[in-house]
Structure formats: C-alpha cells, structure tokens
Trainee: 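First the structure, which I've put down as structure tokens, then a few questions once you've had a look.
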Amino acid sequence: MSLQQVFDHLDANMSTYKTRLSDAVAIPSVSNSQETEHVEATRSVLEDYTRCLLESIGATVDMREIGDNQEYPPVIFATLGTSASKKTVLVYGHMDVQPAQMSDGWDTEPFAMTTIDGKMYGRGTTDDKGPVLAWINAIEAYQQENIPLPVNIKFVLEGMEESGDSGPLQDLILSEADGFFAGIDYTCISDNYWLGQNTPCITYGLRGIVYFHVNVKCAKKDLHSGVHGGVVYEGMAELCAILNSMVAPNGDITITGINRDVLPMTPEEEASYGPIDFNIDTYKSELGVTKLTHRTKAGILQHRWRYPSLSIHGIEGAFSDAGDKTVIPAEITGKFSIRLVPDMDPQKVTNLVKAHIRSFHNSTGSENEVTVSTTASAFSWLGDTSDANYTAGKRATVRVHHKAADLTREGGSIPITLTLQEATGASVMMLPIGSSDDGAHSQNEKLNVSNYLNGMKLLASYMYEVSQLAAGR
Ligand SMILES: [Zn+2]
C-alpha cells in the first residue's frame, strides 16, 4: 500500500526533519519585537527559509505585503498542484514565535534546538514551526517516493500570529475570497495541542470574546478618606459592586439574558464528552487548585468549551502598592471579559452588559459617571464534526495512532479560524500534533520527536483520506 511507503520514508528520514526544525528554530523570528534582529528574522524566516523549502517541493510562492511601509512581515500564499480531479486543502500556519531568553528560566538556549530524551527543546518547536514543517516533510515524502500527492495544497503562512494583531491578515484573506481562497474544499490548521499527553485530538470549536472596560468617576480629584470618607459615593465601592453583580464566585454569570443564545446541548454532543481522555485530578494539580466549580469530567469540559464565562482581570487606577494609603480614588477602570460560545453575538452581549450596568448604577442612587466600552471582540467558532474534512481527520488518526481522536474544543479565541471559514465557505478543522505539556509560550517549549514523526504521518494520512472520501471510498 502506497501510504506505508510514505510512512517508511518518513521513518527513514527523521534526521533530515530534525535538522530542518533545528534550522527553523535558529531563526529568532520573535513576533512584533522592536529589536532589529527579530524584525529581520521574522521577515527572513518567511522570505528566505520557508519560501525556499516550499519552492523545493514545487510550490508556487506568492509573497504578499500587508500594512504600509513593510511595517508587518509578509504573508506567504503558496500553491502546490491545481488538478481539477483533486480536492484542494488549505493549510494555515505561522513562523513567528513568542519571545524567549535564557534569563526567563530556560534550561537550554531557546534558539538552539536541543534534543533530550526524545524531546526537542526550543522556541517554536511546537508553536508553530514544527507543525508547518510536518506538512512540508509529509508532502516531500510523497514526492520522493514518486507517489502523486493525493490533493492540491494551498498554504497561508504568516509572521504576526503571536502578536495578536491579526487584523491586516484577516482583511487580506477576506479581500482574496474570490481570488486565492476560491476553490478550496477544506482547511486544516495544526496550531493547537492535544488535551493530554496520550490521546490525539481533533478540535472543532473555539470560544469568542468581548473585552470590557467600565470606568467610574466619583470626584474631580483623589480624596482623603479621613476627611471625606462617609459622605462621598465612592467610586471603588460602586465599581466593586458592579463587578460583583455580574458573576458569582461559582462562575455563574448573573447578567439577565446572557445565556439566551447559548446553543442547547444535543444528545450527540452530550455523549461526545464521555470517551474524552481527561483526568480531573491531574488537571487540578496542573492548576494548583483543590476544588473546581464543576465536579464531573463533562461538566468541567463543557464549562471550558461550550458555556460562556466571565473573568474579572483588574482595576486600573486603584491603589495596588504594598503598604497602606488612605485614598479615595477619583477615577478607576474595571476590566473584565466574557468568553462567548455559539450562538452568542458580541454586539448583543455588549448591549446586555451595558443595560445591566446602567440599571445597577441607577439602583445605587449615586450620581457617579459610569461609562462602559469594549476593546476587543470575536465570535466563537464551531465546525461540523460529521463532514468529510473531519471524517478524513478521524480516519487518519486511527490509521496512525490506532485509536480514535478525542473531539475537543478550545476555550480561547483564534480569530483567523473563523476568517478562513468565511473566506473559503468551506469546512475548517484543527488537527493538532503537539502534546498538552509542550509548553507553547512558556519556558522550555518542546516538541516530542514521536509527536513530530506521528504528526507527519497523520498529515500524510489526512491527505490520503481526503482523496479516498472524494473517490467515494
Ligand atoms: Zn501558534
């Protein structure tokens, strides 16, 4: 069987693939840094390193500038194969990384990949250079075995992901909906992680977010509590009461109407949590907490993934130094966010929050100035796990790992996912290859050698299964 030949090739060439990843890690493409070295590296990792690799597998590479005056690194649009008889798969990934230096507490040089006990340590190994290279390696293996690639591939590879500034890329993608993104059948993103360390996952959902600032102004200047305390409607007291009125200590959101648009649970979804490999005690000890707001595995996962949550993040302008200060702050700003789930609408949520705060403020009798604004918002995303894209991912997982993938969601927000779905009008699937303990964004980021190799086999199998399903097999 031809796929076995691809697997054998991948097994036999692991040292090449490790060198490749090591070369990529050595380019310090730190996202959104002011350092000239990082700015140049982020440009170079795309324009030189990645472009060269893509051209070596025969892809047509189109470097696209975003923003003005080269303020952003370019985006790679690459095309490999245009056969009308094959499905076209879009691959998204990023070649920029989080900052890292030895003094942060790394045990090895972050930009010099070091392999210890089957773990390849280095910034970007798992997020996201390793997964991007896994695609290229898998494609190259088909080619070097003289087996026709089962699908056409398009790549979108960027260098701004870790900066959180995805606006310019989103604009470019949407403007190319009828251009580069026309004719794409499926999108596959490998830029997240398994839920644990042993069971492969397919991720089909992300939460959205709205971030709020609520500003309370109670006087024209800071006041002395010994002189004026007792007669002023103090802003801090009102702000704390406002924040407290929105969420209970057990996590319940107490804003009227907030849960109205939350998709009801279907029996199929309820059942899907049962088989997921997730240990409550391990999770609690990872977090260093003794009790969670929910007791069952399903309850915990559902409240991380498919129900909204409200978190209070901080108060700007409040006294927060050590020691005592008897101040009544004149003006403070509370910051909180709500994670959104299907089918919540960021604008509707904003309106509900504003109405809640207005009515709460009116009930206090204060004449303080209270204003609410939002700084960021993103819709949630939900894939259809029964479509052909996911079927290919599930089959590929069983082929490589000999067990079914856990169907997971992420509690965070990755806006590009929804943008790609909008631009292509087609199914998007997240197919992670890294383990939960890889430490993306953290010290000692790593990718297991086994995850790298199995990830290549997974992606090779996924391409094969897409073609099989298209052929009705
Ligand atoms: Zn990433």
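Note that these values count all heavy atoms, side chains included, but never hydrogens, waters or copies made by symmetry. Order of listing sets the numbers, starting from 1, for every ligand and every atom in it. Fair warning: this is a prediction, and the values are worked out from it, not measured in the lab.
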Trainee: Of all N, O or S atoms in His94, identify the one at the shortest distance from the Zn ion (ligand 1).
Mentor: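 Going through the N, O and S atoms of His94 one by one, NE2 ends up nearest to the Zn ion (ligand 1).
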
Trainee: Quick one: does Ser436's side chain have a donor or acceptor within less than 3.5 Å of a partner on Gly196's backbone?
Mentor: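 It does hold such a pair.
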
Trainee: Verify the distance test for Asp127 against the Zn ion (ligand 1): any N/O/S atom under 2.8 Å, yes or no.
Mentor: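 Yes.
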
Trainee: Taking 2.8 Å as the cut-off, does Asp191 contribute an N, O or S atom near the Zn ion (ligand 1), distance below it?
Mentor: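 Yes, since at least one N, O or S atom of Asp191 sits under 2.8 Å from the Zn ion (ligand 1).
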
Trainee: More than 12 heavy atoms of other residues, nucleotides or ligands under 6.0 Å from CD of Gln34: is that the case?
Mentor: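 For Gln34, atom CD is not crowded (no more than 12 foreign heavy atoms under 6.0 Å).
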
Trainee: State whether Lys394 and Glu465 are salt-bridged, where the test is any N-O pair (Lys NZ or Arg NE/NH1/NH2 against Asp/Glu carboxylate O) under 4.0 Å.
Mentor: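 Salt bridge: no.
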
Trainee: Is the number of heavy atoms from other residues, nucleotides or ligands under 6.0 Å of Lys348 NZ greater than 12?
Mentor: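 Not buried by this count: 12 neighbours or fewer within 6.0 Å.
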
